[in-house]
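A short worksheet on the structure shown next.
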Number of protein chains: 2
Amino acid sequence: MVATTTRQQIVEAADKRFYERGFEATSFADIAAVVGLSRGNFYYHFKTKDEILEAVIAHRLSKTRAMLDAWEVEGKTPTDRIRSFINILIMNQAKIMAHGCPVGTLCNELAKLDHVAKNRAAELFTLFRNWLSRQFRDIGHDTGADEFAMHILMRSQGVAALATAFRDEAFVRREVEDMCQWLTAQQPTSSPK
Amino acid sequence: MVATTTRQQIVEAADKRFYERGFEATSFADIAAVVGLSRGNFYYHFKTKDEILEAVIAHRLSKTRAMLDAWEVEGKTPTDRIRSFINILIMNQAKIMAHGCPVGTLCNELAKLDHVAKNRAAELFTLFRNWLSRQFRDIGHDTGADEFAMHILMRSQGVAALATAFRDEAFVRREVEDMCQWLTAQQPTSSPK
DNA sequence: GTCTATACGAAGATAGAC
DNA sequence: GTCTATCTTCGTATAGAC
């Protein structure tokens, strides 16, 4: 068994609260209460709020890499793997309807605050972007793979945003279905040039 | 000339700050400083922050209605009018890259705060949705017009989100072009059934 | 490594003078 | 309708005891 350090607990609690409530709206007392720490002790682990944010982003980057690696192993074909990505919208539907996409909403908030960590948070997008790009290359798209990656990323962001505003499950299902159809249509023709 | 009331000035300053910095991150002092008011006097006009938010949303709804009405007059065909909508992504590119979509980011923030006004803010989306839906009906889509409206709304949200994160003008142009092509492809066949 | 106590400023909000 | 003064709460941050 892995002993969960206090630091880890703080990062996980902060991660959750930042996602559910937002970075600005989350206070130290808020996080400390979840972990069961006094506010004073908090500063032993993190000196400033920005330090916690950096730790949370690093934690999310690490979790995301692990998830992408898992999809790499599970999916038989690149197309299957991309479907894993699209399906997050279904898997996390309830959370997305309540709090939006964790990546998109964090990037938006940090952009507004013009926060030093805004580009660091965007690395989360880059992780997905590069992974998707590689899948499209593996399908056979020697050119345009990155454009395809951005397109599918864009769609998932759009669906998440409207899912939060309208909380319409049928809409989410429909758009996921449409994304999968689009994906199928992107298979390069097997006929020779 | 229209005498700008202090109340109007407050609403417009709050509107701008809420968009550029976010609702939570904007303080009374912040808005008061822009208008040139003391904090104390502020409360003569608005009792709570939520009251300002409601006034800002009402103001945005009114501005949006005026914009949609203008597009209605300017655009010769429904397709032209929908293009006006798509083109906001180009027109407001710089602002979107810095602060995201005003509607999407507000809805996201209020959803996280589980704020009483979150559904009120979503009415801004509904305005666009219904307007787009009507355009698609006018094109000739007796069924599915709302689905088309949601699809185009979804795409514009997705583009805005990634524009903020990556600040890539080429990406925005490419996706706008792709949306316009999609739109053209949605013209119902003129051939009889 | 964890606690209590405390400093400090910012923010929301109120009372009352002008 | 605008101001100053004031209150309270909260959030960030520090010092120092256990």
Side-chain angles (χ1 to χ4, degrees), chain A residues 1-57 59 106 109-110 112-118 120-121, chain B residues 1-57 59 106 109-110 112-118 120-121:
Chain A
M1 145 199 167
V2 180
T4 309
T5 67
T6 303
R7 193 192 150 89
Q8 272 179 309
Q9 282 182 280
I10 291 175
V11 171
E12 269 156 38
D15 186 358
K16 192 160 180 281
R17 295 298 288 174
F18 287 176
Y19 173 44
E20 291 175 356
R21 289 275 298 176
F23 173 68
E24 274 276 313
T26 300
S27 71
F28 280 28
D30 212 356
I31 303 167
V34 173
V35 182
L37 274 180
S38 72
R39 271 186 301 160
N41 186 24
F42 205 95
Y43 287 83
Y44 172 77
H45 300 281
F46 294 97
K47 296 286 165 262
T48 67
K49 205 177 176 183
D50 289 357
E51 259 183 51
I52 305 177
L53 177 60
E54 167 53 33
V56 165
I57 295 174
H59 182 236
L106 180 65
E109 187 178 358
L110 297 183
K112 274 188 205 286
L113 296 173
D114 202 17
H115 195 283
V116 283
K118 71 175 179 181
R120 181 82 170 126
Chain B
M1 144 202 167
V2 180
T4 309
T5 67
T6 303
R7 193 192 150 91
Q8 271 178 309
Q9 282 183 282
I10 291 174
V11 172
E12 268 156 41
D15 185 0
K16 191 159 181 281
R17 295 298 288 173
F18 286 176
Y19 172 43
E20 291 175 355
R21 289 275 299 174
F23 173 68
E24 275 275 311
T26 300
S27 70
F28 279 28
D30 212 356
I31 303 167
V34 174
V35 183
L37 274 180
S38 72
R39 269 188 302 157
N41 186 25
F42 205 95
Y43 287 83
Y44 173 78
H45 300 280
F46 293 98
K47 296 285 166 261
T48 68
K49 205 177 176 183
D50 290 356
E51 259 183 53
I52 306 177
L53 178 60
E54 166 54 33
V56 166
I57 295 174
H59 182 236
L106 181 65
E109 187 178 359
L110 297 184
K112 275 189 204 287
L113 297 172
D114 202 17
H115 195 284
V116 282
K118 73 175 176 179
R120 180 84 170 126

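Convention: sequence-line order gives letters A, B, ...; per-chain numbering from 1. Given the structure is predicted, the values throughout are model-derived calculations rather than measurements.
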Spacing of A:Leu53 atom CG relative to D:dT12 atom C1', expressed in whole Å: 15 Å

Over 12 non-hydrogen atoms of neighbours within 6.0 angstrom of NZ in A:Lys16: no

Aromatic plane relationship, A:His115 with A:Phe23 - under 30° parallel, 30 to 60° tilted, over 60° perpendicular: perpendicular

B:Val56 and B:Leu106, any side-chain heavy atoms less than 4.5 Å apart: no

Interatomic distance, A:Gln8 CD vs C:dG1 P [rounded to whole Å]: 13 Å

Residues which pass salt bridge (charged side-chain N to carboxylate O under 4.0 Å, His left out) with B:Asp50, listed by chain and number, not counting sequence neighbours: none

Close residues, residues 10-17 of chain A, relative to DNA chain C [heavy-atom separation under 4.0 Å]: none

Partner set under ring-ring contact (aromatic ring centres under 6.0 Å, His included) for B:Phe46, not counting sequence neighbours: none

Counterpart residues, side-chain hydrogen bond (donor to acceptor under 3.5 Å, both in side chains), relative to B:Glu54 (two or more places apart): B:Arg120

Worked verdict on B:Glu109 versus B:Phe18 for side-chain contact (heavy atoms from CB on, under 4.5 Å): CA-CA 10 Å; B:Glu109 187 178 359; B:Phe18 286 176; over 6 Å; no

Interatomic distance where CD belongs to B:Gln9 and P belongs to D:dG1 [whole Å]: 13 Å

Partner residues of A:Lys49 under the side-chain hydrogen bond (donor to acceptor under 3.5 Å, both in side chains) criterion, sequence neighbours left out: none

Spacing of A:Ile52 atom CD1 relative to D:dA13 atom C1', expressed in whole Å: 12 Å

Sequence-aligned protein contact record of nucleotides 3-18 of chain C, with B where the base is within under 4.0 Å of a protein heavy atom and S where only the sugar-phosphate is: BBB-----BBBB----

